Amino acid sequence: MERMFAAPFIAQLGKGHVDGVYTLAKDPNSLQRFASGSGDGIVKVWDLTSREEIWNTQAHENIVKGMSWTRDKKLLTCAADRTIKLFDPYNTPSGAAPAATWLGANAFTSISHHRSNDSFAVASSVISIYDLERQNAPPEVLQWPTSTDTITCVKFNQVETSILASAATDRSIVLYDLRTSTPVKNTILNFASNSISWNPMEAFNFAVASEDHNIYIFDMRKMDRALNVLKNHVAAVMDVEFSPTGEELVSASYDRTVRLWSRMQGHSRDIYHTKRMQRVFSVKWTPDSKFILSGSDDGNIRLWRAQASKREGIKSAKQRTALEYNEALSERYAHMPEIRRIKRHKHIPKVVKKAGEIKSEELKAIKRREENERKHTKKQHQKRKSEREKMVLASEK
C-alpha cells in the first residue's frame, strides 16, 4: 500500500533561479526559512509555508560556492570572486548592500559557521577562521603542513564544536582541533570528496560524499576503515546530509537523482527523481526531518516528502490506529519474499537503470580480475581487505 500511495514530490518553490542552484543553507533558528545560491551569484531567501521567495540580492559576480547562517539570523556567503559577504535578510530590503565584506587572496569554495561562537571557517587553499566580533582582525589560518591543494569543503562539528573537518582536491580528509589551532589527522582516500556532513547525534561520526559514486560513514577516532559504505548512485555524489535525528541520510548526485538512506544499511531506501530534474548539486533536510529540499542544475528548488507515502495534516484517532496497525503488519512480515520484493521495487529512470547495470558488470569484472591475480601471485597469502577498508589509501597524524 505504501508504494501505491507514494507521492514524494510536493512542489517547486517560486520561480526558482535563472541559473543552476549550487548551494542551500537552512536557518538553524527557523523551521521555514532557508537560502539558496545560484551560478549567477544571486542569493535568495525562501519561506517554506508560502513557498515563495521573500528576499534576494546580487551577492557575487559568479557561482555562490558556500552559504551559512549565523546565530543572529544573518547570512554569510562566499564565492570564487574572492569575497565573503554578510547579509541581514530579516531586517533589510531585497538588493540591500552587505553589512560586511571580507577579501581573500584566493577563490573561496566553502563556508561553515561555529554553533556557539561568533566565528566562521572558510576554505580556499587554506582554512581561514574569522571572528564576527572582530571584523578587522586578520583570520587565523589552518593548513596541513604538506598540502597545497584547494580545499573543497569545510564543516564544523555541531556537537564537539571545536572540531573541524575538511576535504580537498588531493583526496584528503583532514580533521582540525581549534583548541590547539592545529591539524590532527589526515586520511587520503582513493577518490576526491565533494561534501562532508557530521552526525548531529553522534559527535564522532561523519559522512563523506565521494566522486566514486559512494558515501562513506567514518568514525573520526578510527579512520583506517569506514563504519558503513552506501552504494547505489551511478555518478559522483555531490552532497550529503544527516537527518536531524542522525538515523537517516539524504544524498544528491550527478546522476540526477536524490536518494534516502538508513544509516545502518548499505543500499538506499528510496530514490526521488522527476523528468525535468538535472544534476543535483545540493540537498538539505528541513529541521523537523519531515521534508527534503533539493537544488539542481535546472535552476529549480524542489520540496519532497521524507516518507513518500506519508500525508501531513490532522488525523483522527481511527486513522492513526489504522496507520500504526499497517506499519506493525509490514514490519512483522518484512522477511517474507513477496513483501520484501514489493518494498525493494522502485521506479528508476531508464538512463540510471542502464548505467547501474553497466556499473554492476564492470565491478564484477574488476572483482574477477583481482581474484585471478590473487590466485597466481603472492597476494594469496595476504589477508583480504574488507570493502570498508579499500577506499583508505593512507593515514597521517
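Please read these numbers as outputs of a predicted model, since none were measured by experiment. Atoms considered below: every heavy atom in the structure, side chains included; atoms not considered: hydrogens, waters and symmetry mates.
- Relative ring orientation between Tyr90 and Trp69 is described as perpendicular, the plane-to-plane angle rising above 60° on a 0-90° scale split at 30° and 60°.
- At a threshold of 4.0 Å, the pair Arg221-Asp219 counts as salt-bridged, since one of the basic side-chain nitrogens sits closer than that to a carboxylate oxygen.
- Applying side-chain contact (heavy atoms from CB on, under 4.5 Å) to Ile292 and the options Leu260, Ile10, Leu303 leaves one that passes, Leu260.
- A salt bridge is absent between Glu52 and Lys15; no separation between the charged side-chain nitrogens and carboxylate oxygens falls under 4.0 Å.
- Under the salt bridge (charged side-chain N to carboxylate O under 4.0 Å, His left out) criterion, the residue pairs touching residues 184-202 are Glu202-Arg263, with sequence neighbours excluded.
- Residues that satisfy the ring-ring contact (aromatic ring centres under 6.0 Å, His included) test with Tyr22, not counting sequence neighbours, are Phe281.
- Here the options are Val126, Asp177, Leu178, the test is side-chain contact (heavy atoms from CB on, under 4.5 Å), and the partner is Leu142; only Leu178 passes.
- Cluster note: Phe206 groups with Ile163, Ile173, Leu175, Leu189, Ile196, Trp198, Phe204, Val208, Tyr216, Phe218, Met220, Met223, Val229, Met391, Val392 through ILVMFWY side-chain heavy atoms spaced under 4.5 Å, whether in direct contact or through intervening members.
- For the pair Arg302 and Asp298, the salt-bridge criterion is met [side-chain N within less than 4.0 Å of a carboxylate O].
- Remark: Lys379 engages Glu373 in a salt bridge (Lys or Arg N to Asp or Glu O under 4.0 Å) (not counting sequence neighbours).
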### Message
Before you tell me yes or no, could you show the steps for Asn157 and Glu160 under side-chain hydrogen bond (donor to acceptor under 3.5 Å, both in side chains), namely the whole-Å CA-CA distance, both residues' side-chain angles and the distance that decides it to 0.1 Å?
### Response
CA-CA 6 Å; Asn157 190 330; Glu160 284 287 333; over 6 Å; no
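- Thr92 contributes a side-chain N or O that, together with a main-chain N or O of Asp88, makes up a donor-acceptor pair within less than 3.5 Å.
- Screening residues 99-111 for side chain to side chain donor-acceptor pair (under 3.5 Å) gives Asn106-Ser125 as the qualifying pairs, with residues at least two apart or on separate chains.
- For Trp304 (side chain) and Leu293 (main-chain N/O), no donor-acceptor pair under 3.5 Å exists by modelled atom type.
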### Query
Going through the distances and angles, do Asp47 and Thr49 end up as a side-chain hydrogen bond (donor to acceptor under 3.5 Å, both in side chains)?
CA-CA 6 Å; Asp47 184 75; Thr49 48; 2.4 Å; yes
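- The closest side-chain donor-acceptor pair between Glu140 and Ser181 falls under 3.5 angstrom.
- Counting only residues at least two apart or in different chains, salt bridge (charged side-chain N to carboxylate O under 4.0 Å, His left out) contacts with residues 114-136 comprise Arg71-Asp118.
- For the salt bridge (charged side-chain N to carboxylate O under 4.0 Å, His left out) test with Glu241, the passing option among Arg259, Lys155, Lys26 is Lys26; the others fail.
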